[in-house]
Amino acid sequence: MAVRRKSNWYIYLLAFVVTTAFVIMVIFTFRWYLFPERTREVGLNSAGELSESFTPIAEHNFNTLIMLSKSAEDSPELYVIVAYDAVESRLSFIPIPEGISMTAEGRSLPNIYSAQGGEGIISAIGDIIGIKLDNYVTFTRESFVDFLSVYGNVRYSVPKTIIVQDGIEADTFNAGSQLFSPESCYRYIMLADFEEGESYRFNIIGDVLSSLVNQNYSYADSSLLDSYSRHFIDAQDSSITEEDYSAHKAALLNTIIYGSSPAEYYVPYGEYVNGGFEISDNSIVTIKQKTGQD
């Protein structure tokens with residue numbers, strides 16, 4: 001009589017379960033390497049933190065024009081290109097003279113802003129210098145001070161004692177190390193008459209702005225960066241969108257974590273000809289290098 005063998009089905013089931021669990025564990029462990037496209041779009045994990053596999057590339061760079069006016073009713077009086085190089089973790093401030101030469105068109109930056117707003121300004125500056133500016137943001141005195149109140153103060157070494165008139169009030173900025181509050185920072189870069197020409201003033205402005213970033217950037221995290229972004233997106237006149245911020249957030253976090261004193265400044269040089277400031281060809285080359293468009 002034939003002997004019926006017992007089925008070993010449970011052994012196969014156990015082997016299947018163990019094998020499946022092992023495969024799942026391997027996929028989970030190496031998910032960032034097996035599926036890199038999941039994180040490289042913005043480089044953030046589900047908690048909004050920087051993913052370990054993120055590497056900044058040139059597509060994360062941006063060039064933004066920041067403009068500063070006294071109020072919403074006034075045209076801007078300060079124009080500064082902010083060039084961000086994500087790969088090098090570098091943020092360059094480049095002040096642009098209000099009288100930049102547009103004599104061929106018979107126009108100035110203030111009247112272009114009045115007629116066409118920020119889009120007209122970045123188009124005009126881009127055409128003159130030969131670069132592309134991605135977007136713009138206009139701060140008023142109030143919104144600029146509000147932003148600095150969140151971002152932080154700056155300790156700055158004032159080169160010489162100066163009295164700044166602000167309406168009926170006068171402030172004295174003594175030579176030496178001073179802690180600038182948001183209000184005093186605005187008064188110093190916007191209202192001070194340094195009596196040494198535009199280039200000197202632009203060097204002061206560039207130095208203050210880069211010092212402001214370098215002294216405060218390392219304290220930021222994902223949530224603080226979100227808070228900072230609202231001041232740029234919701235400013236008086238801005239082309240920066242939520243999508244712009246999301247596309248660059250990972251690179252900015254990478255700079256915060258791994259960068260070292262990322263901010264610098266560059267002041268264009270040239271001369272006034274026929275009532276307009278003409279930037280030197282060599283200076284334009286440097287600007288193109290700073291903005292990644294050389």
Side-chain angles (χ1 to χ4, degrees), residues 65-83 90-100 108-110 137-220 228 231 235 260-272 277 279-280 283 286-287 290:
L65 181 69
I66 292 181
M67 297 174 279
L68 186 53
S69 64
K70 292 178 180 176
S71 71
E73 291 73 36
D74 298 313
S75 293
E77 296 181 16
L78 178 62
Y79 305 82
V80 181
I81 294 174
V82 179
R90 184 180 68 233
L91 191 73
S92 300
F93 292 101
I94 308 171
I96 298 297
E98 181 181 301
I100 190 171
S108 66
L109 293 185
V137 57
T138 305
F139 285 106
T140 62
R141 176 176 186 162
E142 180 181 9
S143 60
F144 180 73
V145 169
D146 284 348
F147 170 64
L148 293 192
S149 297
V150 176
Y151 188 71
N153 300 323
V154 58
R155 182 163 291 281
Y156 184 71
S157 182
V158 177
K160 64 177 182 179
T161 298
I162 188 169
I163 298 175
V164 176
Q165 195 71 33
D166 184 10
I168 61 173
E169 298 181 2
D171 282 343
T172 300
F173 291 85
N174 294 311
S177 180
Q178 305 289 334
L179 183 64
F180 283 5
S181 68
E183 271 287 351
S184 58
C185 185
Y186 173 88
R187 288 195 291 269
Y188 191 69
I189 67 174
M190 285 291 285
L191 304 179
D193 181 3
F194 299 103
E195 299 179 345
E196 295 191 40
E198 187 174 56
S199 179
Y200 180 87
R201 176 179 178 242
F202 279 171
N203 274 280
I204 293 290
I205 290 171
D207 199 15
V208 170
L209 293 178
S210 57
S211 297
L212 177 71
V213 170
N214 289 335
Q215 292 174 28
N216 291 283
Y217 82 100
S218 61
Y219 300 109
Y228 299 157
H231 292 267
S260 176
S261 297
E264 61 176 24
Y265 69 94
Y266 172 73
V267 177
Y269 59 89
E271 60 181 344
Y272 277 92
F277 185 84
I279 300 177
S280 163
S283 190
T286 301
I287 294 173
K290 299 286 185 184

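Just so you know, these numbers use all the heavy atoms, side chains as well, and skip hydrogens, waters and symmetry mates.
Taking the six-membered ring where tryptophan is involved, the planes of Tyr151 and Tyr228 are perpendicular, since the angle between them exceeds 60° and thus also 30°.
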Audit row: Ser210, Glu264, side-chain hydrogen bond (donor to acceptor under 3.5 Å, both in side chains) steps and yes/no | CA-CA 5 Å; Ser210 57; Glu264 61 176 24; over 6 Å; no
Would Gln178 and Tyr156 satisfy side chain to side chain contact (heavy atoms under 4.5 Å, CB included), going step by step from the backbone distance to the final call?
-> CA-CA 5 Å; Gln178 305 289 334; Tyr156 184 71; 5.8 Å; no
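Closest heavy-atom contact between Tyr272 and Pro97: OH-CB, 4.2 Å. The minimum heavy-atom distance linking Ile189 with Arg201 is given by the pair O-NH2, 2.9 Å. Heavy-atom minimum distance, Pro268 versus Pro95: CD-O, 3.1 Å. Of all heavy-atom pairs spanning Tyr186 and Arg141, the tightest one is CE2-CD, 3.3 Å. The two atoms that bring Pro182 and Asn153 nearest to each other are CD-OD1, 3.2 Å, heavy atoms only.
Ser177 pairs by the side-chain contact (heavy atoms from CB on, under 4.5 Å) definition with Arg155, not counting sequence neighbours.
Formation of a donor-acceptor pair under 3.5 Å by the Asp171 side chain with backbone atoms of Val164 is not found in this model. Judged by distance alone, with hydrogens and angles left aside, the side-chain atoms of Thr161 form a donor-acceptor pair with the main-chain N or O of Ala175 at under 3.5 Å. Between the Gln165 side chain and the Gly167 main chain, a donor and an acceptor come within less than 3.5 Å of each other. Here the side chain of Ser211 pairs a donor or acceptor atom with the backbone of Asp207 at under 3.5 angstrom. Judged by distance alone, the side chain of Ser283 and the main-chain N or O of Tyr269 form a donor-acceptor pair under 3.5 Å.
A salt bridge links Glu196 with Lys160: the distance from a Lys NZ or Arg NE/NH1/NH2 to an Asp or Glu carboxylate oxygen falls below 4.0 Å.
The side-chain heavy atoms of Ile162 and Tyr188, taken from C-beta on, include a pair separated by under 4.5 Å.
In this structure, the ring of Phe180 has its center less than 6.0 angstrom from the ring center of Phe173.
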